[in-house]
Amino acid sequence: MSRNNIILLFFISLVNFVFCEALLRHHEFFVKEASYTRLCETKNILTVNGQFPGPTLYVRKGDTIYLKVYNNGRYNITLHWHGVKQPRNPWSDGPEYITQCPIQPGDTFNYMIIFSMEVGTIWWHAHSDWSRATVHGAIVVHPEPGTHLPFPEPHQEVPIIFGEWWKEDVMEVLEEFVTSGGAPRDSDAYTINGQPGDFYPCSSQDIFKLNVEYGKRYLLRMVNAAMNEVLFFAIANHSLTVVGADGSYTKPLTKEYVVIAPGQTLDCMFEANQVRPGGRYYMAARAYSPTAIPFDNTTTTAILQYGGGGSVLTTTSPILPSLPYYNDTTAAFDFIASLRSLGPILFPLNAYDTRIYSTVSINTFPCKNNSCAGPNGTRLAASMNNISFEFPSIDILRAYYYHINGVFGTQFPSVPPLYYNFTDSNLPVILLTPKRATKARVIEYNSIVEVVFQGTALVAGIDHPMHLHGFNFFVVGWGFGNFDEKKDPSNYNLVDPPFRNTVLVPINGWAAIRFKASNPGVWFLHCHLERHLTWGMDTVFIVKNGKQTQESMLPPPVHMSRC
């Protein structure tokens, strides 16, 4: 072969490589309705590309991808890339009326998704109304080429996405409970990869099955996309070893069950070590709900089945795992307290520049006609530091960037307006009613921030999965009862605390996080129980620009959605 032909072949190969890489970095999501049958009934649901759950995105650590969303549905929508830090790029973060106005039906929006330190499993979901019930999917971030995993290489990686299913249109569920002032109706089923499983009507035939081979390792990339419930999960006769959480590696933790809150992800390894050919084992999930509040108390299942059994595969009844009881707080937090980050610690944890001590509460508002469905005819609400967040009519990011007055305030308080025994079961009625406001907190660039979330017993004490956009944070401490500023910090874990983007604040307890405000922009902070977000358990952190160009927000994209 001549030298010219060799050069030509090399050039063609290079062009093909660049072209393929470009294709991998550009994606299209078509938001549209599709017909799905579950629990013996058929309905239209909102999907991405007709899929439920939606497509899994596969990227490498440090990639930047471009994703165009076509809204071919009936409702406004936005998408959020949960766990992606989006350094300097809040414009593509996605929460409705926080960083963008929604994509209206018939319109499009181009997201630039900038990955940085994430590795492992994170996810994407709608961040408008209750569309995320069916509009969600996993993101798998593989390490950079040539990088060794800090755990044994799995034979297969499998997304496991938990969801909730209502027989009714989920938008009708939203409208009903917002109109009534009461709590939303419970879901009719939980799902694993879109399927309810054997314990629900008309569900056995399509149950999700994972075929495994004896002696091989499998990595479950787990996402809790459920709207309102923390979940226990286990596999019968198999231990789970957690090796990652919320897009970062953890020290290996082996348990018979795991706990995963809405918004959280876990990477769990297991070995197919059961010797019975054709053996079948349930993977099962059900709620952790330690309150008297009604909840969906059903159990979703999938099947782990070993090859080599022939007809045995269809005749052997699967074995069911032993899951902790619904209200077993000890079991839940025994798991949560055992998680440790693999490191490194990214900034000194022994001090902070700013502390925000915020209550997270369920509240009530008076009902105009005294016939609302909340306690004693009231309207249910939620708050942080006694402020129930109100969404503005244009997005806060745009108002901040262009100095538009009157959209939001910057006085989100550092402490509650009143100190009392937050977890007392008998609290004065006067404490029940919060203020309605759109308040944010402005934070200095590169400052180290501690946030202490304090649960209260107002209306009903409950666990709260608090999610911060734009950052992972170190969970340095947690406990039950009231946070004690003099005693509790002495017990913080400053050595290997979990590195997460969603922390579960225990029922009638507290959790403390620390992060370095090195990502300028407008970032949403909210409870990931969807009913609490709707009721107002939200606020916004605005991180100021630094002094250098590379420490400042990127400019806005050319096309932003209309308000």
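As the structure is a prediction and not an experimental result, all values here were calculated from the model.
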Rounded to the nearest 0.5 Å, how far apart are CE of Met537 and CE of Met466? 6.5 Å

Can you tell me how far the CZ atom of Phe483 sits from the CZ atom of Phe453, to the nearest 0.5 Å? 12.5 Å

Would you say the side chain of Trp123 lies within less than 4.5 Å of the side chain of Leu57, judging by non-hydrogen atoms? no

Hey, are Asn421 and Asn482 close enough side-chain-wise for a donor-acceptor pair under 3.5 Å? yes

Less than 4.5 Å apart, any side-chain heavy atom of Leu427 and any of Tyr420? yes

Between the side chain of Asp246 and the main-chain N/O of Thr502, is any donor-acceptor distance below 3.5 Å? yes

Between Asn493 and Asp496, do the side chains contain an N or O donor and an N or O acceptor separated by less than 3.5 Å? yes

Out of His467, His136, Glu96, which one pairs with His80 under the side-chain contact (heavy atoms from CB on, under 4.5 Å) rule? His467

For residues Thr329 and Tyr288, is any side-chain donor paired with an opposing acceptor at under 3.5 Å? yes

Would you call Leu554 and Met112 a side-chain contact if the rule is heavy atoms closer than 4.5 Å? yes

Determine whether the side chains of Trp130 and Thr534 contain a donor N or O and an acceptor N or O closer than 3.5 Å. yes

Between Trp510 and Phe480, is the ring centre distance below 6.0 Å? no

Would you say the side-chain atoms of Arg500 pair up with the backbone N or O of Phe473, donor to acceptor, closer than 3.5 Å? no

Contact between Ser425 and Asn508 at the side-chain level, heavy atoms closer than 4.5 Å - yes or no? no

Asn71 (side chain) donor-acceptor with Thr108 (main chain) under 3.5 angstrom: no

In short, Tyr400 meets Met553 closest at the heavy-atom pair CE2-CE, 4.0 Å

In this structure, is the centre-to-centre distance between the rings of Phe474 and Phe347 below 6.0 Å? yes

Could you check whether Glu118 pairs with Lys61 (Lys NZ or Arg NE/NH1/NH2 to Asp/Glu carboxylate O, under 4.0 Å)? no

With a 6.0 Å cut-off (strictly less than), is the heavy-atom count around CD of Glu176, excluding the residue itself, greater than 12? yes

Is it true that Arg355 and Glu450 have a side-chain N and a carboxylate O under 4.0 angstrom from each other? yes

When rounded to the nearest 0.5 angstrom, what distance separates CD1 in Ile113 from OG1 in Thr64? 9.5 Å

Honestly, is Arg436 close enough over Phe365, meaning NZ or CZ under 6.0 Å from the six-membered ring centre and within 45° of the axis? yes

Take a 6.0 Å sphere around CD of Gln550 and say whether it holds more than 12 heavy atoms from other residues, nucleotides or ligands. yes

Are any of the side-chain nitrogens in Asp169 or Arg74 under 4.0 Å away from the carboxylate oxygens of its partner? yes

Test side-chain contact (heavy atoms from CB on, under 4.5 Å) on Ile404 and Ile394; report intermediate values, then the result. CA-CA 10 Å; Ile404 302 172; Ile394 69 167; 4.0 Å; yes

Heavy-atom neighbours of Asn376 CG exceed 12 at 6.0 Å: no

Could you check His526, Gln86, His82 and say which one makes a side-chain hydrogen bond (donor to acceptor under 3.5 Å, both in side chains) with His469? His526

Do side-chain atoms of Asn224 reach the backbone of Glu229 as a donor and acceptor pair under 3.5 angstrom? yes

For Lys547, is there any backbone N or O sitting under 3.5 Å from a side-chain donor or acceptor partner on Glu551? yes

Flag the pair Asp107 / Arg562 as yes when at least one side-chain heavy-atom distance between them is below 4.5 Å, and no otherwise. yes

Can you find a side-chain donor-acceptor pair between Ser361 and Thr456 that sits under 3.5 Å? yes

Do Ser383 and Asn363 have side-chain atoms, one donor and one acceptor, less than 3.5 Å apart? yes

State, to 0.1 Å, how close Ser92 and Asn110 come at their nearest heavy-atom pair, and which atoms those are. OG-O, 4.4 Å

Between Asn545 and Ser552, the two heavy atoms sitting closest are OD1-CA, 3.3 Å

Determine whether a donor-acceptor pair (N or O, by modelled atom type, separation under 3.5 Å) exists between the side chain of Thr250 and the backbone of Leu342. no

If the threshold is 4.0 Å, N to carboxylate O, is there a salt bridge linking Asp63 and Arg60? no

Flag the pair Leu458 / Phe422 as yes when at least one side-chain heavy-atom distance between them is below 4.5 Å, and no otherwise. no

Verify whether one side chain among Thr121 and Asp267 offers a donor that lies under 3.5 Å from an acceptor in the other. yes

Could you pull out the closest heavy-atom pair between Pro366 and Thr433, with the gap in Å? CD-CG2, 4.3 Å

Restricting to non-hydrogen atoms, name the atom on Met384 and the atom on Phe412 that form the minimum distance, rounded to 0.1 Å. O-CE1, 3.6 Å

With rounding to the nearest 0.5 Å, note down the distance linking CG in Asn501 to CG in Asn472. 5.0 Å

Would you call Glu168 and Arg185 a salt bridge, taking side-chain N to carboxylate O under 4.0 Å as the test? yes

Once you round to the nearest 0.5 Å, how far does CG of Leu525 lie from CD1 of Ile98? 10.5 Å

Check: Arg441/Ser414 side-chain N/O donor and acceptor closer than 3.5 Å: yes

So Phe389 and Phe391, ring pair (Phe, Tyr, Trp, His ring centres under 6.0 Å) or not? Walk me through it. CA-CA 7 Å; Phe389 187 84; Phe391 285 86; 5.2 Å; yes

Working for side chain to side chain donor-acceptor pair (under 3.5 Å), residues Thr99 and Asp93: CA-CA 7 Å; Thr99 62; Asp93 189 49; 4.9 Å; no

Answer yes or no: is there a donor N or O on one side and an acceptor on the other, between the side chain of Trp124 and the main chain of Leu79, under 3.5 Å? no

Taking Asn385 for the side chain and Thr359 for the main chain, is one N or O donor matched with an acceptor at less than 3.5 Å? yes

Compare all side-chain heavy atoms of Pro90 with those of Trp523 and state whether any distance is below 4.5 angstrom. yes

Is it true that Phe471 and Phe515 have ring centroids separated by less than 6.0 Å? yes

Does the separation of the ring centres of Trp81 and Phe115 fall below 6.0 angstrom? no

Stepwise side-chain contact (heavy atoms from CB on, under 4.5 Å) check, Ile77 with Val135: CA-CA 10 Å; Ile77 200 164; Val135 179; 4.2 Å; yes

Which atom pair, heavy atoms only, marks the closest approach of Ser131 to Leu46? OG-CD2, 4.0 Å

For the pair Tyr190 (side chain) and Asp296 (backbone), establish whether a donor and an acceptor sit closer than 3.5 Å, ignoring hydrogens and angles. yes

Hey, is the main chain of Thr78 close enough, under 3.5 Å, to the side chain of Ser128 for a donor-acceptor pair? yes

Between Phe29 and Tyr111, does the ring centroid distance fall short of 6.0 Å? no

Dump the intermediate steps for salt bridge (charged side-chain N to carboxylate O under 4.0 Å, His left out) on Lys544 and Glu444, then the final yes or no. CA-CA 5 Å; Lys544 294 166 68 173; Glu444 294 295 325; 2.8 Å; yes

Taking the side chain as every heavy atom from C-beta outward, state whether Thr134 and Thr47 have any atom pair closer than 4.5 Å. no

